[in-house]
Asker: 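Have a look at this one before I ask anything.
Heads up: numbering here begins at 1 and tracks the sequence.
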Amino acid sequence: NYPTPSDAIADLNAKGVSGPVIFDIRSGTYTMDSARRTINAITGSSAANRVTFRSVTGNPTDVRLTYTAAAAVANFVLRLNSASNVTIKNISIQNTATASYSRGLDIAGTSANDSIVNCNLSTTIPLVSTSNAYALVWASGVTGANNVFIDNDFTNGTYGVYLAGSSTTNVASGWVFENNKFVDQK
């Protein structure tokens with residue numbers, strides 16, 4: 001048992017897994033710890049050894065992960081940094097910044113075979129801008145493949161998803177976006 005998702009992430013990064021792991025998160029709002037909100041490459045993860053973070057109730061409004069980003073290098077609530085075989089399910093991810101930085105999920109490096117399912121991604125900033133600093137999902141320079149987004153709600157921000165491979169020859173491939181709802185991107 002872990003008191004917060006940040007504590008679970010810290011242990012996951014330090015120890016890895018030796019089988020499938022499910023983190024059932026109790027209802028509540030969790031402000032992500034600035035130093036422990038990045039899931040790195042997970043030792044032992046595989047298609048058979050998935051790591052799942054999910055709301056114990058199955059309702060995404062019952063579990064809120066929040067963070068107030070204040071700088072470009074920390075512009076995310078949760079980051080998958082070359083983390084593969086991770087599922088985020090039935091969770092709300094909200095950047096509570098009131099100014100320049102409001103990304104929710106940052107997918108970086110070789111992150112592959114990850115699933116974001118029935119989540120609410122949002123920012124508190126309803127704005128009109130063309131800046132990608134307000135993208136709810138930021139995946140620029142990512143080279144991982146086969147990530148899926150199914151049945152999610154994206155609210156506010158300038159982009160619901162900003163996705164770009166690392167070059168014209170190294171593109172992000174096999175990504176699936178299915179049955180998602182995008183509201184008030186400007």
Asker: Check Val51 against Val17 and note the closest heavy-atom contact, atom names and distance.
Answerer: CG2-CG1, 3.8 Å
Asker: Over all heavy atoms of both residues, which pair between Ser102 and Tyr134 is shortest? Give the atoms and the distance, please.
Answerer: OG-CD2, 3.0 Å
Asker: Are the side chains of Asp153 and Val183 in contact, using a 4.5 Å heavy-atom criterion?
Answerer: no
Asker: So do Ile9 and Met32 actually touch side chain to side chain, heavy atoms under 4.5 Å?
Answerer: yes
Asker: Does any N or O in the side chain of Thr96 come within less than 3.5 Å of the main-chain N or O of Tyr67, such that one atom is a donor and the other an acceptor?
Answerer: yes
Asker: Do side-chain atoms of Ser92 reach the backbone of Arg64 as a donor and acceptor pair under 3.5 angstrom?
Answerer: no
Asker: With heavy-atom distances below 4.5 Å as the criterion, would you say the side chains of Ile91 and Pro60 are in contact?
Answerer: no
Asker: Do we see a donor-acceptor contact under 3.5 Å between the side chains of Ser82 and Thr110?
Answerer: yes
Asker: Quick one: does any side-chain atom of Ser6 pair with a main-chain N or O of Asp33 as donor and acceptor, under 3.5 Å?
Answerer: yes
Asker: Side chains of Tyr159 and Asn132: any donor to acceptor distance under 3.5 Å?
Answerer: no
Asker: Is there a donor-acceptor pair closer than 3.5 Å between any side-chain N or O of Asn95 and the backbone N or O of Arg103?
Answerer: yes
Asker: Test your reading of the model: is there a side-chain donor-acceptor pair from Asn113 to the backbone of Ser84, 3.5 Å cut-off?
Answerer: no
Asker: Flag yes if Tyr2 and Ile25 sit in one hydrophobic cluster, no otherwise; membership is Ile, Leu, Val, Met, Phe, Trp, Tyr, and two members link when side-chain heavy atoms are under 4.5 Å apart.
Answerer: yes
Asker: So, Ser115 side chain and Val117 main chain: donor-acceptor pair closer than 3.5 Å or not?
Answerer: no
Asker: Got Val148 and Trp175 here, is their nearest side-chain heavy-atom distance under 4.5 Å?
Answerer: no
Asker: Quick one: does Asn156's side chain have a donor or acceptor within less than 3.5 Å of a partner on Thr123's backbone?
Answerer: yes
Asker: Hey, are the side chains of Leu78 and Ile88 touching, using non-hydrogen atoms and a 4.5 Å cut-off?
Answerer: yes
Asker: Is there side-chain contact between Val142 and Leu163, with heavy atoms separated by less than 4.5 Å?
Answerer: yes
Asker: Which residue pairs pass the salt bridge (Lys or Arg N to Asp or Glu O under 4.0 Å) test with at least one member in residues 70-99, sequence neighbours excluded?
Answerer: Arg79-Asp106
Asker: Does any non-hydrogen side-chain atom of Thr66 lie less than 4.5 Å from one of Thr29?
Answerer: yes
Asker: Backbone N or O of Thr57 within a donor-acceptor pair of the Asp62 side chain at under 3.5 Å?
Answerer: no
Asker: Are Leu136 and Ile116 grouped together when hydrophobic residues (ILVMFWY) are joined by side-chain heavy atoms under 4.5 angstrom apart?
Answerer: yes
Asker: Take Asn120 and Asn152, measure what side-chain contact (heavy atoms from CB on, under 4.5 Å) needs, and give me the verdict at the end.
Answerer: CA-CA 6 Å; Asn120 297 335; Asn152 301 293; over 6 Å; no
Asker: Are more than 12 heavy atoms, taken from residues, nucleotides or ligands other than Tyr162, located less than 6.0 Å from that residue's OH atom?
Answerer: no
Asker: I need the minimum non-hydrogen distance between Pro20 and Ala48, along with the two atoms involved.
Answerer: CG-O, 3.6 Å
Asker: Hydrophobic clustering (ILVMFWY, side-chain heavy atoms < 4.5 Å, transitive) - are Phe53 and Leu65 grouped together?
Answerer: yes
Asker: Check for a donor-acceptor pair, side chain of Glu178 on one end and backbone N or O of Val176 on the other, with a separation under 3.5 Å.
Answerer: no
Asker: Is a side-chain donor-acceptor pair under 3.5 Å present for Asn90 with Asn118?
Answerer: yes
Asker: Are Leu80 and Phe177 connected into the same hydrophobic cluster when the rule is that any two of I, L, V, M, F, W, Y join if their side-chain heavy atoms are below 4.5 Å apart?
Answerer: yes
Asker: Indicate the ring-plane relationship of Phe149 and Phe154, choosing parallel, tilted or perpendicular according to the 30° and 60° boundaries.
Answerer: tilted
Asker: Are Ile150 and Val63 co-members of a hydrophobic cluster defined by side-chain heavy atoms under 4.5 Å apart?
Answerer: no
Asker: Rounded to the nearest 0.5 Å, what separates atom CG in Asp24 from atom CZ in Arg54?
Answerer: 4.0 Å
Asker: Check whether Ser55 reaches the backbone of Asn59 with its side chain - one donor and one acceptor, N or O, closer than 3.5 Å.
Answerer: yes
